Amino acid sequence: MNLQDFLSTRLFSIGDLLITVGALLLILLTGVVTFLVARLLDRLLHRWFEDRFGEETTGGLGLALQLSIWLLGIVVGSLLLGVEMRQLAEAASFEMFNIGDEPITPRSIAVLVLALIATGYAARLAASLGKSRFFRNVDTGPRYTIIRLIQYSIWVIGVIISLHIININLTALAVVAGALGLGIGFGLQAVVANFVAGLVLLFERPIRISDFVSSENIEGRVEEIRFRSTLIQTNDNISFIVPNSELTTRALVNWSHNDTIVRIHCPVGVAYGSDVELVTETLLEVAQEDEWVLKDPEPIVWFTSFGDSSLNFELLVWTNDPIGYRRLRSRINYSIDRAFRRAGVQIPFPQRDLHVRSAEGLHNLVRMPKTDGGNG
């Protein structure tokens, strides 16, 4: 079999279109060329325009460019296979199913997808312009809330316009959605609950972007409040994806809700017999010498309790960096240890005194005759 016969080998047919080995190779070649051209133009677009228009805008333009190139590649590939434009138009108008009285065709699906992509691009562009221009002088928390609400509004308007473009009646769509809702309602309960909780977080604002929060085993900075979940970045650079509903139902500590200035408690125990005035002065000196400790409000010392093995104190200091409170506490503990060594103040360890009232029982136990299991 020569090459021409091999390329003419019949594989399968699609309607009146016969697919041969040569046609299949042509389809693959067209797909590879389209992919390479789309990637190349996308990289050139980012290289030339990203610094000027920003990542969000350039990314949307790149997505639109790639879709256009793929659409052009499909048309060119079809023409190379001998498909006439009339046949392409008929295939694009093929009725797949109906919503109400409106037929759904590949053309209407493509138009809907393009309209939704344009809506997503408009939402990203609005966020980019809001951050860089319109709301750049607004505080981070309110700015984020405003931009999110604008994005949600754009999505609602975009979906309505997209459905109107392909002549989908919203009344008919509501009937279909109601029928489907009976089957999938239970499965979407969590999604709806998280979405509503996300709106509560945006309007009520118990947490805001850049707030430092802690709850159970999660502690970190709020990076993003999304449609379904919230992204929290820990000090270990670990991302926690927390469902929004959990943040509205569980107890949550927000270290920077009203003010970024917080007070840190540093407990320490000293041996009984220590000079408590000297201990107090030493702890205050440690706080005053640390550059991370705020001088106003002033640090204070509490004599909290008489422990089993120690006199218990707490050094209370203020800081405007709640994220680094563990690091500050560690610095202060190092300084306290050094200062106590210089001042001769002892940090005790737990100890117990054992008082033996009578050794009569122990004496009888020692004198008890040994048994060897009957071996004499």
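These numbers come from a predicted model, not from an experiment.
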Partner set under ring pair (Phe, Tyr, Trp, His ring centres under 6.0 Å) for Phe340, not counting sequence neighbours: none
Residues that, via side-chain heavy atoms closer than 4.5 angstrom, fall in one hydrophobic cluster with Leu316: Ile300, Trp302
Cluster check Val200, Ile207: I/L/V/M/F/W/Y, side chain < 4.5 angstrom: no
Arg250 atom CZ: more than 12 heavy-atom contacts under 6.0 Å: yes
Atom CD of Glu223: over 12 foreign heavy atoms under 6.0 Å: yes
Pair Asn312-Ser310, side-chain donor/acceptor within less than 3.5 Å: yes
Tyr334 atom OH, neighbour heavy-atom count above 12 within 6.0 Å: no
Exceeds 12 heavy-atom contacts within 6.0 angstrom, atom CZ of Arg221: no
Plane angle bin for Tyr325 and Phe212 - parallel if under 30°, tilted between 30 and 60°, otherwise perpendicular: perpendicular
Atom CD of Glu298: over 12 foreign heavy atoms under 6.0 Å: no
Side-chain donor-acceptor contact under 3.5 Å, Trp292 with Thr319: no
Contact check, side chains of Ile241 and Arg226, non-hydrogen atoms, under 4.5 Å: yes
N/O donor-acceptor pair under 3.5 Å between Tyr272 side chain and Gly307 backbone: yes
Whether Gln151 side chain and Ala123 backbone form a donor-acceptor pair below 3.5 Å: yes
Pairwise side-chain contact, Asp290 with Leu328, heavy-atom cut-off 4.5 Å (strictly under): yes
Short side-chain donor-acceptor distance under 3.5 Å, Glu314 and Thr304: no
Co-members of Trp318 in a cluster of I, L, V, M, F, W and Y side chains, linked at under 4.5 Å: Ile261, Leu294
